[in-house]
Amino acid sequence: MRLATWNVNSIRTRVGRVVDFLERSGTDVLALQETKCRDDQFPEEAFHAAGYDVVHHGLSQWNGVAVVSRLPVSDVEVGFPGMPTWGEPAAAEARALGATVDGVRVWSLYVPNGRELDNPHYQYKLDWLAGLRTAAEGWLAADADAPIALVGDWNIAPRDEDVWDIAAFAGATHVSPAEREALAALTEAGFSDVTREHTPGAYTYWDYQRLRFPRNEGMRIDLVLGSPALAARVSGAHIDRDERKGKGASDHVPVVVDLG
DNA sequence: ATGGTAGTGTTACTA
């Protein structure tokens, strides 16, 4: 099974690119983040025409997550148990969607950005990651052999080598010790980064501003974390850097994992 | 000189 994750930064703007990617890459299951639309606005027809089903969770022009699959999908779950809320009045955001495909539990995740270290959104990010860790621990406690893939835009660069210049990130989010510890807590719970060894030095995101892509000033923040049973099935992975090229590109590119 | 792009939906907000 070929599994991929992609922060598309609006599915309505990029539906053609996404369907083209599915057909070109032979991806069976694609987790999407930042669809930026409500369920009733999602362009499902283009996916159906290509032979894919869609499960989507979107509440507004912000966030939005989906799982697109040409294999049968079951056990769809909106948000993870204990997922923190945001805003006034406090409400759950459209940042997590679980679905089972061919026995693999896939979670499409859009981790809060954090904005700045002194912004309340930063604490929300840390709380959200802590909640995810607790939920994920529970899934493995229920079944230690479950193949679980936690995929998406984590908005964290796990190591200094995952950004083009760590000095440029002094005092910034995405690289702070607390964020990295929150991610490491998931590793301690049994979920490992299954793409790193297959994609050395490759980035998954380049800001639209300041010629970041032509200069290859990017970040590796789109990650696939696998449970032990999932990690044991990974036969390869790659990052589709070409998807950042040309007019109408998302600022993120697909991360693709092959499961045996 | 404090540098600017993209999307949604509206003159702001998010990333």
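Protein chains get the first letters and strands the later ones, always in sequence-line order, with residue 1 at the start of each.
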- Message: A side-chain contact here means heavy atoms from C-beta on lying under 4.5 Å apart; do Val78(A) and Leu97(A) qualify?
- Response: yes
Between [N] ([atom2]) and [X] ([atom1]): distance, integer Å:
{"X": "Asp153(A)", "N": "dG7(B)", "atom1": "CG", "atom2": "C1'", "value": "15 Å"}
{"X": "Asn7(A)", "N": "dT5(B)", "atom1": "CG", "atom2": "C1'", "value": "15 Å"}
{"X": "Glu88(A)", "N": "dC13(B)", "atom1": "CD", "atom2": "C1'", "value": "18 Å"}
{"X": "Lys36(A)", "N": "dA6(B)", "atom1": "NZ", "atom2": "P", "value": "12 Å"}
{"X": "Glu217(A)", "N": "dG3(B)", "atom1": "CD", "atom2": "P", "value": "17 Å"}
{"X": "Asp207(A)", "N": "dG7(B)", "atom1": "CG", "atom2": "C1'", "value": "13 Å"}
{"X": "Asp222(A)", "N": "dA15(B)", "atom1": "CG", "atom2": "P", "value": "14 Å"}
{"X": "Asn63(A)", "N": "dG7(B)", "atom1": "CG", "atom2": "P", "value": "17 Å"}

Have a look at [X] and say if it touches a base, only the backbone sugar-phosphate, or nothing, with a 4.0 Å heavy-atom cut-off.
{"X": "Arg244(A)", "value": "nothing"}
{"X": "Phe213(A)", "value": "nothing"}
{"X": "Gln209(A)", "value": "base"}
{"X": "Arg14(A)", "value": "sugar-phosphate"}

- Query: So, Asn9(A) versus Tyr208(A): side-chain donor-acceptor pair below 3.5 Å or not?
  - Reply: yes
[X] has a side chain; which of [options] sits nearest to it?
{"X": "Asn113(A)", "options": "dT5(B), dA15(B), dG9(B)", "value": "dA15(B)"}
{"X": "Arg210(A)", "options": "dA15(B), dG7(B), dG4(B)", "value": "dG4(B)"}
{"X": "Trp62(A)", "options": "dA6(B), dC13(B), dG9(B)", "value": "dC13(B)"}
{"X": "His121(A)", "options": "dG9(B), dA15(B), dG7(B)", "value": "dA15(B)"}
{"X": "Arg12(A)", "options": "dA15(B), dG9(B), dT5(B)", "value": "dG9(B)"}

- Message: If you compare every side-chain N and O of Ser10(A) against the phosphate oxygens of dT8(B) (OP1, OP2), does one of them come in below 4.0 Å?
- Response: yes
- Message: When you measure from the side-chain N and O atoms of Arg115(A) to the phosphate of dA15(B), is any distance below 4.0 Å, counting only OP1 and OP2?
- Response: yes
- Lys36(A), Gln33(A), Arg95(A) screened by side-chain hydrogen bond (donor to acceptor under 3.5 Å, both in side chains) with Asn63(A), the one that passes: Arg95(A)
- Note on the structure: Between Ser60(A) and Arg95(A), whichever has its closest DNA chain B nucleotide further toward 5' is Ser60(A)
- Query: If the P atom of dG4(B) is compared with that of dT14(B), how far apart are they to the nearest Å?
  - Reply: 22 Å
- For atom C1', what is the distance between dG9(B) and dA15(B), given to the nearest Å? 16 Å
- Any salt bridge between Asp240(A) and Arg24(A), counting N to O under 4.0 Å? yes
- Residues Thr195(A), Arg220(A); criterion side chain to side chain donor-acceptor pair (under 3.5 Å); working and verdict: CA-CA 11 Å; Thr195(A) 64; Arg220(A) 180 174 171 274; 3.2 Å; yes
- Given the side-chain rings of Tyr110(A) and Trp128(A), with only the six-membered ring counted for Trp, is the space between their centroids under 6.0 Å? no
